[in-house]
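All residue numbers in this chain count up from 1 along the given sequence. Note that the structure is predicted; figures quoted are calculated from it, not measured. Indexing begins at 1, ligand by ligand and atom by atom, following the structure's order.
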Amino acid sequence: MQDWPDGYGKRVLASIDSTNAEAARIADDLAGPEWILALEQTAGRGRRGRAWVNPVGNFAATLVLHPTEPPEVVALRSFVASLALYDAFVAVTGRPQGLSLKWPNDVLLNGGKVAGILLESVGMARDIRHIGIGIGVNLKEAPGADQVEEGAVRPVSLLSETGIAVSPEEFLDALAPAYAHHEAQFRIYGFEPIRALWLDRAARLGEVITARSMRDERTGTFETVDAAGNLVLSTAKGRETIAAADIFF
Ligand SMILES: O=C(O)CCCC[C@@H]1SC[C@@H]2NC(=O)N[C@@H]21
């Protein structure tokens, strides 16, 4: 396992409503990046206003950053975090088999969702003061299929899929250095190498998928992710670029 990264703080909480909520409360008082790990979350938040069920033994943490880039660049950190999660899984299991990344930022294990990311920013539109990259990992338990949207990827846990038991603290010790590595690459080289690595690990690239948003539903071949992090589908109407949606296989 790699060492804890220089310059990153860490606080471990026994119980909290949501590490993202805690991040928003304390971010102004932090001088640098800080991981907030909660051993229990009582009101975990998921993407699109959904609840995130978080039994004890699963991983719930938020990384607080104070970025200086424009919002559209800041948002690309969800891809940075996805790569770090992928590497952390490889570090704790010793193998990449069965792992893939689902746009925009879920991690799949044997085709089931094992981790999700919720990136939230605080600040004015062009003046983001800080972001919280919230990461939830089903280390020990996954919610039942009845607890997720119809047609969504089935939730799985690391334990059920691999038989490997990893504690939240151990997982953070793998994730934090992996994140620091990809963050440094992002700062030096920009999004392009992150994008290339992400595509290398993408689930269903080149296959027909459905992107469903509040407004519409589009089905087409998953061509790529563009330089702005958008999903690019080749549909009956032509090439379509999608900024936000849920993906169904
Ligand atoms: O819907 C998703 O896939 C994203 C889930 C993100 C859950 C994590 S758990 C830690 C952090 N705190 C929260 O309240 N949510 C995120």
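- Annotation for ligand 1: atoms under 4.0 Å from non-hydrogen atoms of Ile117 are 4 (C).
- For atom 3 (O) of ligand 1, the nearest protein heavy atom (residue, atom name, distance) is Lys113 NZ, 2.5 Å.
- Within 6.0 Å of the CG atom in Asp6, the count of heavy atoms belonging to other residues, nucleotides or ligands does not exceed 12.
- The protein heavy atom nearest to atom 10 (C) of ligand 1 is Thr19 OG1, 3.2 Å.
- Counting only heavy atoms of the protein, atom 15 (N) of ligand 1 lies nearest to Arg45 O, 2.7 Å.
- Residue-level proximity to ligand 1 for Ala38 is absent, since no heavy atom of it falls below 4.0 angstrom.
- The ring of Phe171 has its center closer than 6.0 angstrom to the ring center of Phe89.
- The shortest side-chain heavy-atom distance between Leu205 and Leu199 falls under the 4.5 Å cut-off.
- Protein heavy atom in closest approach to atom 5 (C) of ligand 1: Trp52 CE3, 3.3 Å.
- A cation-pi arrangement is found for Arg204 relative to Phe249, the charged atom lying closer than 6.0 Å to the ring centre and inside a 45° cone about the ring normal.
- For ligand 1, the atoms lying closer than 4.0 Å to a non-hydrogen atom of Gly46 are 1 (O), 5 (C).
- Between Arg47 and ligand 1, an N or O atom pair is found at a separation short of 3.5 Å.
- Residue contacts with ligand 1 for Asp106 involve side-chain atoms from C-beta outward but no N, CA, C or O (heavy atoms, distance under 4.0 Å).
- Of the residues listed (Lys102, Arg212, Arg50), the one engaging Asp246 in a salt bridge (Lys or Arg N to Asp or Glu O under 4.0 Å) is Arg50, and it is the only one.
- When each atom of ligand 1 is checked for a heavy atom of Gly44 under 4.0 Å away, the hits are 14 (O).
- Heavy-atom contacts of Gly136 reach the following atoms of ligand 1: 7 (C), 8 (C), 9 (S) (cutoff under 4.0 Å).
- Asn20 is listed as a side-chain neighbour of Leu118, based on a closest heavy-atom distance under 4.5 Å.
- The minimum heavy-atom distance between Ala38 and Thr19, with the atom names listed, is CB-CG2, 3.4 Å.
- With a 4.0 Å heavy-atom cut-off, ligand 1 is reached by the side chain of Thr62 but not by its N, CA, C or O.
- Polar contact with ligand 1: present for Gln41 (N/O pair, distance under 3.5 Å).
- Across all non-hydrogen atoms, the minimal contact from Ser18 to Arg25 is O-NH2, 4.4 Å.
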Verify side-chain contact (heavy atoms from CB on, under 4.5 Å) between Leu85 and Ile117, making sure each step is shown before the conclusion.
CA-CA 10 Å; Leu85 262 176; Ile117 296 171; 3.8 Å; yes
